[in-house]
There are 2 protein chains.
Amino acid sequence: MVTIRDVAKHAGVSPATVSRVVNGLVGYSEETRRRVEEAVTSLNYETDFMARGLKTRQTSVIGLLAPMVSDALASEVMRGVEEAAREQGYAVMLGRTGLQSIFIDGYLRTLRTYRAAGVILISAVITQETRQILGPNIPIISVAISDRSGSPSVSIDDERAAYDATRYLLSLGHRRIGLLAGDPASVFVAHPRQRGYERAMAEAGHPPVVAHGTFFYDSGAPGLDELLRQDPDLTAIFAVSDEMAAAAVNELQERGRRVPDDVSVLGFDNTSTAQHVHPPLSTVAQPLEEMGRAAVRKLLRARNLGPRIVPHSIIARGSTGPPKNQHQPSQEL
Amino acid sequence: MVTIRDVAKHAGVSPATVSRVVNGLVGYSEETRRRVEEAVTSLNYETDFMARGLKTRQTSVIGLLAPMVSDALASEVMRGVEEAAREQGYAVMLGRTGLQSIFIDGYLRTLRTYRAAGVILISAVITQETRQILGPNIPIISVAISDRSGSPSVSIDDERAAYDATRYLLSLGHRRIGLLAGDPASVFVAHPRQRGYERAMAEAGHPPVVAHGTFFYDSGAPGLDELLRQDPDLTAIFAVSDEMAAAAVNELQERGRRVPDDVSVLGFDNTSTAQHVHPPLSTVAQPLEEMGRAAVRKLLRARNLGPRIVPHSIIARGSTGPPKNQHQPSQEL
DNA sequence: TTGTACGCGTTATCAC
DNA sequence: GTGATAACGCGTACAA
């Protein structure tokens, strides 16, 4: 292992000077810089992050905590985080918090003792406790969750997005629209989306039809069943996750209903799942990868005060279309 | 920040003793242990990983490198790695290598200066260069790739799995089976799978029909098109990734062919994608999560010499069935 | 069990 | 302005 003192000896200067050159500080002549750099490359010197971190009480590590490291949404955000971090010279430390944030405390402690430069939380809110464990020196930011506490965050406006999505279905002519909502326990995403749907339906004067799922694929079919029991004549299903929407599409076809001819289905998140079903899902897009990148930038810029809302958009693919109106013939013509 | 010396003072012992107690070594009385532990909890002491790493030249960090952090296969492996690492008290540092392993060198260097305890490579082979950058002290292991170089690895026998999968289709009665193969450039997975298919077909006396894709969803439809052009009467498609298989299912249905009644489709990997299409994909399962866990264990046990082959299995879901045999009526009855 | 040198980069202090 | 010296950060390991 070649140390800073080896380089200093080779270049005929002191370790302090080498340090200054390596870190691009001031206080040396052009000639010294050249000699030091020559020594660095010829000896293949690399700064020891441990030693540096011990002294500076900072490492170039960003902690990334996701409830499931394997779900499509988290994966997209992770990709953005990883790219932005690498570009800025940071490494990413990965942790899974579990659905009920079981492991989060342990990870935060680890990140603290590793003197992480910051922490990014996917789909989880920043609690008082979180902040406390992390201490005052490590910034934290949440991504892809509507956290109204004013903590640093990057997200879309979930209420507005669901409102817009419902309006989109209304604009296609649908009146009987069912909501495949999220787990009411995970109130921070599920609730705003449900509110947005309900607001749009109320404004249009149509009764809401709601069933609850878990966001995951498996809950899509039972949820659809529940919705159709409430109203067998639904012409559109709005699911608050692509996974549930995909399950709904498949289950509808299983029951002999065509998508979108008989029933339109609209998803949420625009993950890769949306494109893997047939017909491909129309969905509400969150710019997930960009949100990951934005989170890194915000974290490192240290002006990460308060929430940042990024724009959502609605992507129309094959799973949505006008209703056939067979059950409500020319009601409004 | 409370240091080991603070604890020592509080407990009336030396820093060295505190260190031994904290690390569960021997050489202190029961009474001292009690006093030290009391001091640790009352002062809320936590070991500084930087200082420890500086001295021991080791940190509890495992590097995890994947070509795409967001694909379904890597995600499953990552989940296993994360879980096993956490249980053993290790943190996971994540890196994306890019499809052509563009960033791998940079990450390896970073991992070296962080004195990682080991490196796990998903879907990439360990080259001479890789080993050289990492140095002799950091073990490395590859996962989910048939690397015949004898380097430490955890994978299925891809050739055998593809052979078995093809035999499975043959046993259903299929004779005209097309292979949607992988990118021939990524020779380490694509090639063995193709060989397994070709061996099974040769043994059965049927001509192979092969088209190449990229493993990704988008290449499925063009690949299918290519296969059907070579033989319009194929009754089964074996795709070497679930994504391509999913695309094939969707494209077949788009063309008015029923799955599995007209054409059976078999996937590979058993990722979540397999369950998101309709009908759900029959597929060759790799125990991806378990492979991730095994990689961590193997890495830390330091008896990680040579490859380890884990068993594959074939999961029959809705996308495969016997051929209708309309083109080859009762040939063997 | 304890004292203490050590690992290595950084930075404050000092000399030229 | 240039550069050197040395103390420092904190846990570990070896000699005592």
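All values reported here derive from a predicted model rather than from experimental measurement. Below, each value reflects all heavy atoms present in this structure, side chains not excepted, and no hydrogens, waters or symmetry copies. A, B, ... follow the sequence lines: proteins, then strands. Residue 1 opens every chain.
One interatomic measurement links the two molecules: OH of B/Y28 to P of C/dT1, which rounds to 10 Å at whole-angstrom precision. The separation between B/R33 atom CZ and C/dT1 atom C1' is 17 Å, rounded to whole Å.
Distance check, rounded to the nearest 0.5 Å: CZ of A/R115 to CD of A/Q58 gives 9.5 Å. In this structure, the separation between CD on A/E46 and CD1 on A/I4 is 13.5 Å, given to the nearest 0.5 Å.
The pair B/E31-B/R35 counts as a salt bridge, with a side-chain nitrogen and a carboxylate oxygen less than 4.0 angstrom apart. The existence of a salt bridge linking A/E83 and A/R86 is excluded, since no basic side-chain nitrogen approaches an acidic carboxylate oxygen closer than 4.0 Å.
Scored by the ring pair (Phe, Tyr, Trp, His ring centres under 6.0 Å) test, A/Y114 finds B/F49 as partners (sequence neighbours excluded).
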5' to 3', nucleotides 8-16 of chain D under a 4.0 Å protein heavy-atom cut-off (B base, S sugar-phosphate only, - none) gives BBBBBB---
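For the pair B/S29 and C/dT1, the criterion of a side-chain N or O lying under 4.0 Å from OP1 or OP2 is met.
A cation-pi arrangement is not found for B/R96 relative to B/F103, the charged atom failing to lie both closer than 6.0 Å to the ring centre and inside a 45° cone about the ring normal.
Residue B/V13 is in sugar-phosphate contact alone, with no base atom involved, counting any heavy-atom pair closer than 4.0 Å across all strands shown.
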